[in-house]
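Source: prediction; values computed, not measured. In the text below, chain A, chain B and the rest are named by the order of the sequence lines, each starting its count at 1. Below, all heavy atoms of this structure are taken into account, side chains as well, without hydrogens, waters or symmetry copies.
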Amino acid sequence: MVLRVNGEPREVRAETVAGLLDELGYEGGFFAVAVNAAVIRRTTWDEAKLSDGDEIEIVTPRQGG
Amino acid sequence: MAVSFYGRSFGSRLLVGTALYPSPALMQDAIAASGAEIVTVSLRREAAGAKAGDAFWSIIRALGVTVLPNTAGCRSVKEAVATAELARELFGTPWIKLEVVGDDETLQPDVVGLVEAAAILLRDGFEVFPYCTEDLTVATRLVELGCRVVMPWGAPIGSGQGLANRPALRLLRARLPDVTLVVDAGLGAPSHAADAMELGFDAVLLNTAIAKADDPVAMARAFRLAVEAGRTGHEAGIMPAREFATPSTPVVGTPFWHAAG
């Protein structure tokens, strides 16, 4: 299916948030993830199902004022 | 002398941003020199395998400071609320510096969106630090909603103008005596920070003035001293300004003095 990950379209096989992070090569775990603007708690990444067209945001801490 | 943010006490009344420094090492040294116990951070999209967030976060953790995440760059209520929720998940804090940008030129807060977003987040258990203008009605509305901290701008972000509307800021302080008020943004010189503290503001938040100084570490120290000087002066009770001179040296016993006539 095709998802929009951080604004870019991505064709992926993964069906869960955990699977997506793994497939795209995200390592470690200090990010937060939202699907369609709703936060997916880290503890539910394994179960959180993705659907075609979902908009995913994967964010980490950055410099800010 | 401590300042309270949502029930948590801090000795330092200087909050600093973490952006725009020439290098991570200078950021680390400048924050240490500022004495700040609270720093602002943002959230940004992370590319797979980039680990940009990890590198930054390890420096912040090493400083042992309290983190205040922001919603910088959000242009709608929906974006700001979603970003706040991501920040709470990532940092495990209910604190959020709420910014809703209303104008790209001035980065002026969209105060209508700000009030709306604050209401949603407060209902959801957040402790909101709203970045607002100096408008009394907006600040009052935020307090009525449950904000215990309000952060009016001194001047537009990064402008370095100091307190552009002192009368309005003075009025805010007088009308909201029990709210923790922070002047956020627009401060350029240490004297601007002292000015805000002398007016009775509880703290100041700044970034560019330190990060873009020729010597950020020395400037961080200058702002620390200015905030302490301004606060101490405020607590000591600043004399009201007068139109005319009043001699400070005693008149009685002035040598060579002769009564008129």
Looking at chain A, which one of [options] has the largest number of heavy-atom pairs inside 4.5 Å, strictly under?
{"options": "B/P69, B/A48, B/G158", "result": "B/A48"}
{"options": "B/V16, B/T18, B/N207", "result": "B/T18"}
{"options": "B/L90, B/L68, B/N70, B/I60", "result": "B/L90"}
{"options": "B/L20, B/L86, B/V39, B/V81", "result": "B/L86"}

Under 4.5 Å from any heavy atom of chain B - which part of A/I40: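 For A/I40, the backbone is the part near chain B, not the side chain.
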
A/V33 versus chain B, the contacting section by heavy-atom distance below 4.5 Å: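 Only the backbone of A/V33 comes within 4.5 Å of chain B.
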
If you count the non-hydrogen atoms of other residues, nucleotides and ligands that lie under 6.0 Å from [atom1] in [X], is the total more than 12?
{"X": "A/D52", "atom1": "CG", "result": "yes"}
{"X": "B/R44", "atom1": "CZ", "result": "yes"}
{"X": "A/E15", "atom1": "CD", "result": "no"}

Check each atom of [X] against the heavy atoms of chain A and say whether the ones under 4.5 Å are side chain, backbone, both or neither.
{"X": "B/A72", "answer": "neither"}
{"X": "B/A47", "answer": "backbone"}
{"X": "B/E79", "answer": "neither"}

So, for A/G65 and B/A19, which heavy atoms are closest and what is the spacing to 0.1 Å?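 Residues A/G65 and B/A19, closest heavy atoms: N-CB, 4.4 Å.
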
Could you pull out the closest heavy-atom pair between B/E85 and A/A37, with the gap in Å?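 For B/E85 and A/A37, the tightest heavy-atom pair comes out as OE1-O, 4.4 Å.
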
For B/L43, is there any backbone N or O sitting under 3.5 Å from a side-chain donor or acceptor partner on A/R62?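 Such a contact is absent between A/R62 side chain and B/L43 backbone.
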
If we ignore hydrogens and angles and just use 3.5 Å, is the side chain of B/E89 paired with the main-chain N or O of A/R42 as donor and acceptor?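 The answer is yes, because a donor-acceptor pair under 3.5 Å joins these two groups.
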
Going through the checks in order, is the side chain to side chain contact (heavy atoms under 4.5 Å, CB included) test met by A/Y26 and B/E46? CA-CA 9 Å; A/Y26 283 89; B/E46 181 77 299; 4.2 Å; yes

Taking every heavy-atom pair that is under 4.5 Å apart, which of A/V59, A/V5, A/L24 has the most such pairs with chain B?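 Maximum pair count with chain B is reached by A/V59.
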
Is the ring pair A/F30/B/F91 parallel, tilted or perpendicular, if the boundaries are 30 and 60 degrees?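 If you compare the ring of A/F30 with that of B/F91, the planes turn out perpendicular.
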
